[in-house]
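Just below is one structure, and these are the notes that go with it.
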Protein chains: 2
Amino acid sequence: MKTSTLQDVARVANVSTATVSRTLSNPVVVSESTRRRVADAVKATGYRINHAARNLRTQRAHSVLVLLPDLANPFFSAILEGISRVLARQGYSMLIASTQHVHDSGERLIDYLDDARADGMIVLDGGLETDVVEMLSAASHTERILFACEWVEDANFPSVRCQNRTGTRIAVNHLYGLGHTKIAHITGPIDNVLGQTRKEAFVEELADLGLELKPEWIMTGDFTLAAGCLAAQEWIAMNDRPTAVFCASDQLAMGFIAELSRHDFKVPDHVSVMGFDDIDLAEQFIPPLTSIRQDRMMIGETAAKMLLARIVTPNEENLERATVLPVSLVIRESTSPP
Amino acid sequence: MKTSTLQDVARVANVSTATVSRTLSNPVVVSESTRRRVADAVKATGYRINHAARNLRTQRAHSVLVLLPDLANPFFSAILEGISRVLARQGYSMLIASTQHVHDSGERLIDYLDDARADGMIVLDGGLETDVVEMLSAASHTERILFACEWVEDANFPSVRCQNRTGTRIAVNHLYGLGHTKIAHITGPIDNVLGQTRKEAFVEELADLGLELKPEWIMTGDFTLAAGCLAAQEWIAMNDRPTAVFCASDQLAMGFIAELSRHDFKVPDHVSVMGFDDIDLAEQFIPPLTSIRQDRMMIGETAAKMLLARIVTPNEENLERATVLPVSLVIRESTSPP
DNA sequence: ACAAAATATGTAATCGATTACAAATGTATC
DNA sequence: GATACATTTGTAATCGATTACATATTTTGT
């Protein structure tokens, strides 16, 4: 069964293709009677719009590209869910690519925008190589590129993110409030904006509270479980062990706790540990993880809405640069008084 | 800067658009000299192919739709990575949609195929409603629909999956080999093929080994952490507690262990626990989880390759129905002799 | 009742790449 | 040197929806 076209519908409804097209995309301009006739014809023929044709004519792809550093990272899934939800509602599709592959295959990111495969781009990777960022900045439709979660410090792209500084301060204050004065930090990747921002906020807040901070109490990690394990070994080897550790991600915290437990240290008895993100598993971890919650679904939804607004009505006042979403403290059992 | 078209390239290279098109898609049919001239012109104009135009003319979308039940489930990410890798290599894009949204928005799945948005479909959800499955079966291009991981028993779609039965038997034998004779099972969702298949294989293997199986030793779950917790409560309440539990997923196992530990039962001291899948976290869990490993990346790659073969050369002998990929036993610390 | 304005519909060009077919050019064979 | 054959290139139709513009129809105001 071949799919039917606008022509077929027009023939059955006994009108021109122009009328059918109008009926479908802008019903108010056609009369009640033709509207009904066309609707019947559409049903009778089983008409489905051909996206390729529409896209060619309208110069729109009706899809958005989402770029992630690593598809296998569960952190992104809820964000994707949020993006997908908003896009689907507007009849847009969601394309996915990983920055890794794009790099490997020598494909240029900007091609997606240039070759009419996507109308816009949501980038979840702040760690893009400098030359890639320059390429994006020089593109013809920079206003259709938007960063979420992460961002690039030097470039001037709009972004959606959570309160990283505030979240960090809340975390430190939670530990301080429990009575901890020797607080350590396991950072994210040192070349990552999130890692940087959280680390800076950590240092500032400790200073504000007048707490001591030995250099070795800042352990460089990279958001992964493995890095958390390594940091645990560092902690174990310390003479003057901090009584609390704020980790830049939940995965770090889990790796840290896992390694500690292999060496018979208990959390929070020997050390309080906090994460950041509040991923699904944080609640089920042993012990359940105290964390800074960011609403990833909402980050995704917000990013998609902002981007669509920019695509559909570019000249409006919806050209705001950054949206910062709130975080909240989720207290569970991995933190306690020292 | 407006993007340039084939026409522009043709003008600069002083040839017809036909020649440019041929040079790009089938270089061997043009002479060495024009090939060079066109290549230069492409570079000079910064030409990028317009996908919408190509797709319209060739009646191909050059993209594949991947359908998942739930984007927020980390289990799928490695599979997506595998799919994406293969597709990108062939110049195909990956569209993502969740069966949930599609259902909510009243959109018909088959539309993606019919309206030229996607050339094929990889479905990672065996739990599609009956009417949806019927709709898919009645579609015009059923040969371009392929299931991965899960599948639908009644329908006749090709699929890629792991050795679910063999994996289950290996698991049971591992526990039996350690000396366990009272082995329980926490199933996946009862209406899910994977849950069903693993449960059946479990029952069969216990029968083959001549082991007792009390009805209550089969606890119905649904692959989630929460279900694992509930099962733990059942286990605790039993008079005659099994000494080993085989869980249909790692998440189940983690939830089970987490809840047990809240009630001061230790794994594997009080009970040995196994999972299925070997997700990333299994290794870092406390205790590290013994599991049946399936190579999710390879499942994704295999699915993508099979689908592309069917799309590109449909009449070939690449119409095999099912590919079953091997699993392996990964022994860690959650299992021990009773 | 008639002009002006508003509404509804049709005609045909257009988006940009592909490809069947025709035409031109070059090469081999006797 | 003529013919058949292979190679290379060009012409123009085509994919299916959208939309500027023209035209037909109805409504409104006086």
Side-chain angles (χ1 to χ4, degrees), chain A residues 2-39 41-42 45-63 91 111 113-119 140 312, chain B residues 2-39 41-42 45-63 91 111 113-119 140 312:
Chain A
K2 219 173 141 294
T3 56
S4 46
T5 72
L6 255 199
Q7 300 256 20
D8 301 325
V9 179
R11 197 176 316 115
V12 171
N14 204 30
V15 293
S16 72
T17 61
T19 301
V20 177
S21 178
R22 277 188 290 252
T23 310
L24 264 29
S25 59
N26 193 14
V28 296
V29 304
V30 304
S31 72
E32 173 63 28
S33 69
T34 30
R35 207 180 309 159
R36 231 193 337 266
R37 226 139 31 93
V38 169
V42 164
T45 54
Y47 170 74
R48 294 271 95 214
I49 195 173
N50 181 313
H51 274 65
R54 200 236 307 250
N55 291 349
L56 173 60
R57 180 59 228 235
T58 59
Q59 307 283 42
R60 282 276 166 78
H62 292 275
S63 67
D111 288 355
L113 258 42
D114 276 352
D115 68 14
R117 258 184 301 175
D119 297 324
S140 44
V312 176
Chain B
K2 222 175 136 294
T3 56
S4 46
T5 71
L6 255 199
Q7 300 256 20
D8 301 325
V9 179
R11 198 176 317 116
V12 172
N14 203 29
V15 293
S16 71
T17 60
T19 301
V20 178
S21 177
R22 276 188 289 253
T23 310
L24 264 28
S25 58
N26 194 14
V28 297
V29 304
V30 304
S31 73
E32 173 64 27
S33 68
T34 31
R35 208 180 309 160
R36 230 192 340 264
R37 226 140 31 94
V38 170
V42 165
T45 54
Y47 170 74
R48 294 271 97 212
I49 194 172
N50 181 311
H51 274 64
R54 199 233 313 244
N55 291 348
L56 172 60
R57 180 59 228 235
T58 60
Q59 308 282 43
R60 282 275 167 78
H62 292 277
S63 68
D111 288 354
L113 257 43
D114 275 352
D115 69 15
R117 260 184 299 175
D119 296 325
S140 43
V312 177

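Every value quoted in this text rests on a predicted model; they were computed, and no experiment measured them. By convention in this document, chain letters (A, B, ...) are assigned in the order of the sequence lines, proteins followed by strands, and residues within each chain are numbered from 1. What's counted below: heavy atoms across the whole structure, side chains too, no hydrogens, waters or symmetry copies.
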- Item | Length of the CG-C1' vector between A:Leu24 and D:dG16, whole Å | 13 Å
- Note on the structure: Assert: residue with more 5' nearest nucleotide on DNA chain C, out of A:Val28 and A:Ala18, is A:Val28
- Describe the nucleic acid contact of A:Val15 in one word from base, sugar-phosphate, nothing, applying a heavy-atom distance below 4.0 Å. sugar-phosphate
- Message: With a cut-off of less than 4.0 Å, is there a side-chain N or O of A:Gln59 near OP1 or OP2 of D:dT18?
- Response: no
- Query: Nearest nucleotide by nearest heavy atom, which residue falls closer to the 5' end of DNA chain D, B:Ala53 or B:Thr17?
  - Reply: B:Thr17
- Rounded to the nearest 0.5 Å, how far does CG of A:Asn50 lie from CZ of B:Arg117? 11.0 Å
- Could you state the atom-to-atom distance from CG of A:Asp8 to P of D:dC15 in whole Å? 11 Å
- Query: Between A:Ser4 (side chain) and A:Thr45 (backbone), is there a donor-acceptor pair under 3.5 Å?
  - Reply: yes
- Which nucleotide in C:dT18, D:dG10, C:dG16 has an atom nearest any side-chain atom of B:Asn50: C:dG16
- Message: With a 3.5 Å distance limit and no angle check, can you tell me whether A:Asn55 reaches the backbone of A:Ala52 through a side-chain donor-acceptor pair?
- Response: no
- Item | Nearest heavy atoms of A:Leu56 and B:Ala53, plus distance in Å | CD1-CB, 3.7 Å
- Below 4.0 angstrom from OP1 or OP2 of C:dT9, is there any side-chain N or O of A:Ser31? yes
- Task: Would you indicate, yes or no, if D:dG16 has its OP1 or OP2 atom less than 4.0 angstrom from a side-chain nitrogen or oxygen of A:Thr5?
- Result: no
- Message: Taking only side-chain N and O atoms of A:Tyr47, does any of them lie within less than 4.0 angstrom of OP1 or OP2 on D:dG16?
- Response: no
- Test for a donor-acceptor pair under 3.5 Å between the base of D:dG10 and the side chain of B:Arg22, counting only N and O atoms. yes
- Tell whether A:Arg57 reaches the base of C:dT14 with its side chain through a donor-acceptor pair below 3.5 angstrom. yes
- Query: How long is the line joining CD of A:Glu32 and P of C:dT7, in whole Å?
  - Reply: 16 Å
- Item | Nearest-angstrom distance from the residue atom CG of A:Leu6 to P of C:dC15 | 19 Å
- Item | C:dT9 phosphate, OP1 or OP2, under 4.0 Å from A:Thr34 side-chain N/O | yes
- Message: The side chain of B:Arg54 is closest to which nucleotide in this list: D:dC15, C:dT18, C:dT9?
- Response: C:dT18
- Query: C:dG10 phosphate, OP1 or OP2: any side-chain N/O from A:Thr19 under 4.0 angstrom?
  - Reply: yes
- Check the distance between C:dG16's C1' and B:Arg11's CZ and give it to me in whole angstrom. 13 Å
- Query: Between B:Arg37 and A:Ser25, who's closer to the 5' end of DNA chain D by nearest nucleotide?
  - Reply: B:Arg37
- Kindly give the heavy-atom pair with the smallest separation between A:Leu6 and A:Val20, and that separation in Å. CD2-CG1, 3.0 Å
- Message: Could you check whether any side-chain N or O of A:Ser25 sits under 3.5 Å from a backbone N or O of A:Ser21, counting only pairs where one atom can act as donor and the other as acceptor?
- Response: yes
- Note on the structure: Here the distance between atom C1' of C:dA8 and atom CG of A:Asn14, to the nearest Å, is 15 Å
- Round to a whole Å and report the spacing from CG of A:Leu56 to C1' of D:dT18. 10 Å
- Atom-to-atom span, CD of B:Gln7 to C1' of D:dA12 - whole angstrom: 12 Å
